[in-house]
Asker: 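For reference, the structure I am asking about is given below.
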Amino acid sequence: MDTLFITVVFIVAGLVKGVTGMGLPTVAIALLSLRMPPLSAAALLIVPSSVTNVWQLAAGPSVYPLWQRFKWVMLAICVGVAAAGWLGAASWSGAVLGLALVGYGLLGLSGWRAQVAERHQRWAGPLAGAATGLMAGVTGVFVMPVAPYLQALNLNKDDLVQALGMAFTIGTLALAVMLTLNGTWHATAAGASVLTLIPAVAGMQLGQWLRDRMPPAVFRRCFFIALLALGAHQLIRL
């Protein structure tokens, strides 16, 4: 039953990634946390998340210029993950995950987008990166608040997708190191994580097929409603 459940979760998460270009870790951890602690779910995500994010990062030509622009954001993500590991936040990971999912769902449904002036980016970027790393180290979810921050910079579509891929890739690698050091990611977990790549890629292929046949706005609305419901469920059952 667990194998079937995990397979279905990664197909669904890959489908969301294929349609929207993001959301694989968020959806997978939101669903897996119904059966296991968030950081145990995150351990299953290391390989599929790394592969799909590197794929996304390598799809464009602007890796080095984006690194030069956002290197302090990326380094701050690593610091945040390390801080979460040092704090040992497993006892309240469920509450943080629930709040993060509810917040992300409400933000997505509202359609609100912030604007960050260039003069504020020097401090706002590292702050967003550190908060993202701390959140990821607790819940395994990398999307908040770095995704809204990058969206607030008015990057063109290709640069935005690539910058998100960079943030998610570095965050995943930092999380893998943290989970290895605390014993959550070991040979058995690594093997299981490799196997989850198969349903994740199958789901992505299905999502890419569906993207051409379904209005993206409708799908995104369903996606954010589902995250809101999963976050509320996570908080209610605490």
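In this chain, numbering begins with 1 at the start of the sequence shown. Side-chain atoms are counted along with the backbone in the values below, which use heavy atoms only and exclude waters and symmetry mates.
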Asker: Side-chain contact test, heavy atoms from C-beta onward, threshold under 4.5 Å: evaluate it for L45 versus S193 and give yes or no.
Answerer: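 When only atoms from C-beta onward are counted, S193 and L45 do not touch, as no gap falls below 4.5 Å.
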
Asker: Please report the interatomic distance CG(L195) to OG1(T3), rounded to the nearest 0.5 Å.
Answerer: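 So the CG of L195 and the OG1 of T3 are separated by 9.5 Å.
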
Asker: Does F70 reach the side chain of L153, with side-chain heavy atoms less than 4.5 Å apart?
Answerer: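 Sidechains of L153 and F70: in contact.
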
Asker: Please verify the inter-ring angle class for F168 with F142; under 30° counts as parallel, over 60° as perpendicular, anything in between as tilted.
Answerer: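 Tilted.
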
Asker: Could you check if a side-chain atom of R69 sits within less than 4.5 angstrom of a side-chain atom of L155, using non-hydrogen atoms only?
Answerer: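 Answer yes - side chains close enough.
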
Asker: Transitively linked via ILVMFWY side-chain contacts under 4.5 Å: L235 with L34?
Answerer: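 Same hydrophobic cluster.
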
Asker: When clusters are formed by joining ILVMFWY residues with side-chain heavy atoms under 4.5 Å apart, either directly or through shared neighbours, do M74 and V79 land in the same one?
Answerer: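 No, M74 does not connect to V79 through the hydrophobic network.
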
Asker: So for atom CD, which belongs to E118, do other residues, nucleotides or ligands contribute more than 12 heavy atoms lying within a distance under 6.0 Å?
Answerer: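 Incorrect, the count does not exceed 12.
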
Asker: I want to check something: taking the side chain as every heavy atom from C-beta on, are T7 and I198 in contact at a cut-off of under 4.5 Å?
Answerer: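 Counting from C-beta outward, T7 and I198 never come under 4.5 Å.
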
Asker: Mind checking whether L31 and V16 sit in one hydrophobic cluster, side chains of I, L, V, M, F, W, Y counted as touching below 4.5 Å?
Answerer: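 They do share one cluster, since a chain of ILVMFWY contacts under 4.5 Å joins L31 to V16.
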
Asker: Can you check whether V63 reaches Q162 side chain to side chain, under 4.5 Å on heavy atoms?
Answerer: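 The answer is yes, as the side chains (C-beta and beyond) meet within the 4.5 Å cut-off.
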
Asker: Can you tell me which residue among V201, V27, L32 is in a side chain to side chain contact (heavy atoms under 4.5 Å, CB included) with F10?
Answerer: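 For F10, the side chain to side chain contact (heavy atoms under 4.5 Å, CB included) check succeeds only for L32.
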
Asker: According to a 4.5 Å side-chain heavy-atom criterion applied to Ile, Leu, Val, Met, Phe, Trp and Tyr, with indirect links allowed, do V81 and L173 form part of one hydrophobic cluster?
Answerer: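 No; tracing contacts between hydrophobic side chains, which count when under 4.5 Å, never links both residues.
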
Asker: Could you see if V51 belongs to whatever hydrophobic cluster contains L164? Use Ile, Leu, Val, Met, Phe, Trp, Tyr and a side-chain cutoff under 4.5 Å.
Answerer: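 Yes, same cluster.
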
Asker: Are T172 and S50 close enough that a side-chain donor and a side-chain acceptor fall under 3.5 Å?
Answerer: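 There is no such pair (donor and acceptor under 3.5 Å, judged by atom type) between the side chains of T172 and S50.
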
Asker: Out of curiosity, M144 CE to T139 OG1, how far, rounded to the nearest 0.5 Å?
Answerer: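 The OG1 atom of T139 is 10.5 Å from CE of M144, to the nearest 0.5 Å.
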
Asker: Would you say that P38 contacts V138 through its side chain, given a criterion of any heavy-atom pair below 4.5 Å between the two side chains?
Answerer: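 Heavy-atom side-chain distance check fails, nothing below 4.5 Å.
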
Asker: Report the distance from atom CG of L97 to atom CE of M135, rounding to the nearest 0.5 Å.
Answerer: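 Here the rounded value is 9.0 Å.
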
Asker: Under 4.5 Å between any side-chain heavy atoms of T196 and V47, yes or no?
Answerer: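 Not touching, per the 4.5 Å side-chain cut-off.
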
Asker: Where is the tightest heavy-atom contact between L101 and G231, given as atom of each residue plus distance?
Answerer: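 Between these two residues, the closest heavy atoms are CB-CA, 3.6 Å.
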
Asker: Rounded to the nearest 0.5 Å, what separates atom CE in M166 from atom CG in D159?
Answerer: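 If I round to the nearest 0.5 Å, the distance is 10.0 Å.
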
